[in-house]
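Below, all heavy atoms of this structure are taken into account, side chains as well, without hydrogens, waters or symmetry copies. By convention in this document, chain letters (A, B, ...) are assigned in the order of the sequence lines, proteins followed by strands, and residues within each chain are numbered from 1.
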Amino acid sequence: MLDIKYLRQNAESIKQALLIKGFELDINTFNSLENNRKSLQVEVESLQAERKELSSAFGQAKAKGEDVDELSKKIEINSNLLKEKEDELKPILVNLEQFLLEIPNLPDPSTPEGSSDIDNKIIRNWGDINKKKGLDHLEITSEIDTELAAILAGSRFSVLSGKIAKLHRALIQFMLDEADENGYEEYYVPFITNKDSLTGTGQLPKFEEDLFKLTDGRYLISTAEIPLTNLFNKKTIDLNDIPIKVTAHTPCFRSEAGSYGKDTRGLIRQHQFEKVELVQVVHPEQSENALEELLLNAETILQKLNLPYQVVQLCGGDLGFSSSMTFDIEVWLPSQEKYREISSCSNFTDFQSRRANIKIKDENSKIFAHTINGSGLAVGRTLIAVIENYYDEVDKVINIPDALKKYLTFDTIST
RNA sequence: GGAGAGUUGGCUGAGUGGUCGAAAGCGCCUCCCUGCUAAGGAGGUAUAUGGGUAACUGUAUCGAGGGUUCGAAUCCCUCACUCUCCGCCA
């Protein structure tokens, strides 16, 4: 959520800044809501002040046994008028709140212009890619079964078995150990979340269709960012406890509404996938560095797995609703001869902390914290990358990356 | 699932219809005293938000939301959460 005071004073420049995200701020609507709000609020509050006075006069008169007929009349007039004005004000406040909740975060000034991922800016790349097109993970192993999953649940699910299932688990363990080494405290969190939490991190109210909703009105998490960030919902954090670094491994559930026909084959885009998430809650002055650090934490995992990747900075059109600045890490997939997103690391500045009310107690004042998060990493896609990049066509085996060997009792997976 | 108790400021905890944003204590801050420390004394110390250039000032907030009332921390209803007991259960 943007600072409403800031919005009042800088509507035009905010509108300009948001255009790069493809969002058109409706200043007229905002101004008319604000003007109505202001005049009605002033009226309501002065009527409330009057009520207070009249009520206490009434009480005193009653106590002295004085006649209260005239006072009663005044009170009735006040009460009717107050009710009328309150009824006018209430929906305006609701609308204003709604309006604010649907405005995206301001993009960082460094954000490249562009409308889709083709305009993302390549920052760096790491590792050598094998130029030769390779088999895809479904072709390589039969221990990933999407047809079986379709019988169990439907499309966009998978069943893993045997050594692939173990490799999948080893990746999770490896990633959590990496996070631990980098100073992130591990959490185990609910995979079901309420509206308040989802509003805090920005999935609601605008992106409900991306989520699986339960019959009791709650939702399955689409990322561990939601529970991890909301660990600090409505909290004031002592300056000494900053920066906070937390991690969790969770399944993520996404409806993938609107992505029909996209990435339909294999594990790339699933309704359910595992992810290790890294979250930091930091002082505003540290957030830029914290994002760099978190990005590096995620990159290191790929380096240790010896998987080639590139880092891109998202352009305005590709930048998420809540994010101010995002770097995606994209891993090389030989079957697609493309880099594919495997981690998304973002600085949300004070956007989430305003919504979730996460504050830092500075020496003598309270300020909104900055929140940073990123995948470290998406496990399913890492599994694909390992399978495809470590496949030995001659021997028809998947070699186990050195970094994972201590988690497994085998060095290769025959196919 | 059943029965009961509870939720008040940074903390402990009083307050069952008005003078209560809320006693008292602790903690914290400023000052005074005392040649260190400790003890003692005086004052201050919630949050959000509106109006105003400002000084200043209005309003809201006692778990959340409704209601009763001229007036609600206090009475009523609904919900959430915590605790105790019973049942069930990994």
Side-chain angles (χ1 to χ4, degrees), chain A residues 1-11 30-101 188-200 204-205 214-219 226-227 230-242 251 350-369:
Chain A
M1 189 149 60
L2 301 182
D3 181 359
I4 188 167
K5 283 183 220 156
Y6 186 69
L7 180 57
R8 279 181 198 130
Q9 287 158 10
N10 305 283
F30 177 70
N31 283 341
S32 96
L33 281 170
E34 253 299 280
N35 290 336
N36 279 333
R37 191 223 93 231
K38 192 191 262 191
S39 63
L40 281 167
Q41 186 169 333
V42 168
E43 261 185 289
V44 163
E45 288 183 0
S46 79
L47 285 165
Q48 284 171 328
E50 188 183 282
R51 179 183 64 183
K52 224 181 191 175
E53 245 171 77
L54 290 171
S55 287
S56 102
F58 184 96
Q60 281 167 7
K62 259 296 180 48
K64 289 185 201 149
E66 292 170 2
D67 181 57
V68 293
D69 281 1
E70 203 170 316
L71 257 180
S72 293
K73 269 182 210 154
K74 279 189 187 168
I75 285 171
E76 198 185 335
I77 292 167
N78 167 278
S79 159
N80 289 338
L81 194 56
L82 178 59
K83 185 163 176 9
E84 191 184 307
K85 294 296 173 188
E86 275 176 339
D87 287 346
E88 276 183 67
L89 179 60
K90 226 181 241 176
I92 288 169
L93 290 178
V94 171
N95 287 342
L96 203 53
E97 172 82 3
Q98 197 68 16
F99 186 87
L100 285 173
L101 283 174
Y188 172 79
V189 293
F191 305 153
I192 289 175
T193 185
N194 59 27
K195 267 197 167 130
D196 192 50
S197 295
L198 287 159
T199 305
L204 290 182
L214 303 175
T215 52
D216 68 356
R218 292 186 285 196
Y219 302 81
I226 299 158
N230 281 291
L231 290 173
F232 308 99
N233 194 308
K234 296 189 183 68
K235 295 268 194 305
T236 299
I237 302 159
D238 198 284
L239 191 59
N240 296 322
D241 297 329
I242 292 291
D350 60 2
F351 189 80
Q352 292 181 325
S353 67
R354 260 177 217 289
R355 292 172 157 244
N357 206 356
I358 303 170
K359 291 192 166 173
I360 297 173
K361 193 174 178 180
D362 216 333
E363 318 264 303
N364 34 26
S365 67
K366 287 182 183 175
I367 54 169
F368 284 108

Please check the phosphate of B:U47 (OP1 and OP2 only) for any side-chain N or O of A:Lys234 closer than 4.0 Å.
-> no

Roughly how far apart, to the nearest Å, are B:C88 and B:A73 at atom C1'?
-> 38 Å

Rounding to the closest angstrom, what is the interatomic distance between B:A90 and B:A5 at atom P?
-> 31 Å

Writing each nucleotide of RNA chain B 5' to 3' as (, ), [, ], | or . by Watson-Crick or G-U pairing under 3.5 Å yields ((((((((.[[[..)..(.....]]]((((((.......))))))((((((....)))))).[[[[[..)....]]]]])))))))....

Quantified in whole Å, what is the C1' atom distance between nucleotide B:G65 and nucleotide B:A60?
-> 15 Å

Residues A:Asp196, A:Lys234: salt bridge by 4.0 Å N-O rule | yes

Provide, to the nearest angstrom, the distance between the CG atom belonging to A:Asp67 and the P atom belonging to B:C70.
-> 16 Å

A:Asp3 CG to B:U49 P: how many Å, rounded?
-> 8 Å

Separation of B:A60 atom P from A:Lys85 atom NZ, nearest Å, is 18 Å

Of the listed nucleotides B:G66, B:U59, B:G18, the one nearest the side chain of A:Phe58 = B:G18

List the steps and the verdict of side chain to side chain contact (heavy atoms under 4.5 Å, CB included) for A:Glu50 and A:Lys74.
-> CA-CA 10 Å; A:Glu50 188 183 282; A:Lys74 279 189 187 168; over 6 Å; no

A:Lys52 vs B:A60: side-chain N/O to OP1/OP2 distance below 4.0 Å = yes

Rounded distance in Å - CG (A:Asp241) to P (B:G10) | 17 Å

On a whole-Å scale, what distance lies between the P atoms belonging to B:U74 and B:G18?
-> 12 Å

Under a 4.0 Å N-O cut-off, is there an ion pair linking A:Asp3 with A:Lys5?
-> no

Interatomic distance at C1', B:G63 relative to B:C83, whole Å | 15 Å

Could you check how far CG of A:Asp196 sits from P of B:A64, rounded to whole Å?
-> 13 Å

Considering only the P atoms, how many Å lie between B:U12 and B:U7, rounded to the nearest integer?
-> 12 Å

Distance, rounded to the nearest Å, where A:Asn357 contributes CG and B:U61 contributes C1' | 14 Å

Taking the same atom, C1', in B:C85 and in B:U8, what whole-Å distance lies between them?
-> 27 Å

Please state the C1' separation for the pair B:G27 and B:G10 - nearest whole angstrom.
-> 8 Å

If you check every side-chain atom of A:Lys359, which of B:G50, B:G58, B:A48 has the closest atom?
-> B:A48

Separation of A:Glu53 atom CD from B:G71 atom P, in whole Å?
-> 16 Å

Just to confirm, is there a sub-4.0 Å distance from OP1 or OP2 of B:G18 to any side-chain nitrogen or oxygen of A:Arg51?
-> no

May I have the distance from A:Asp238 (atom CG) to B:C11 (atom P), rounded to whole angstrom?
-> 14 Å

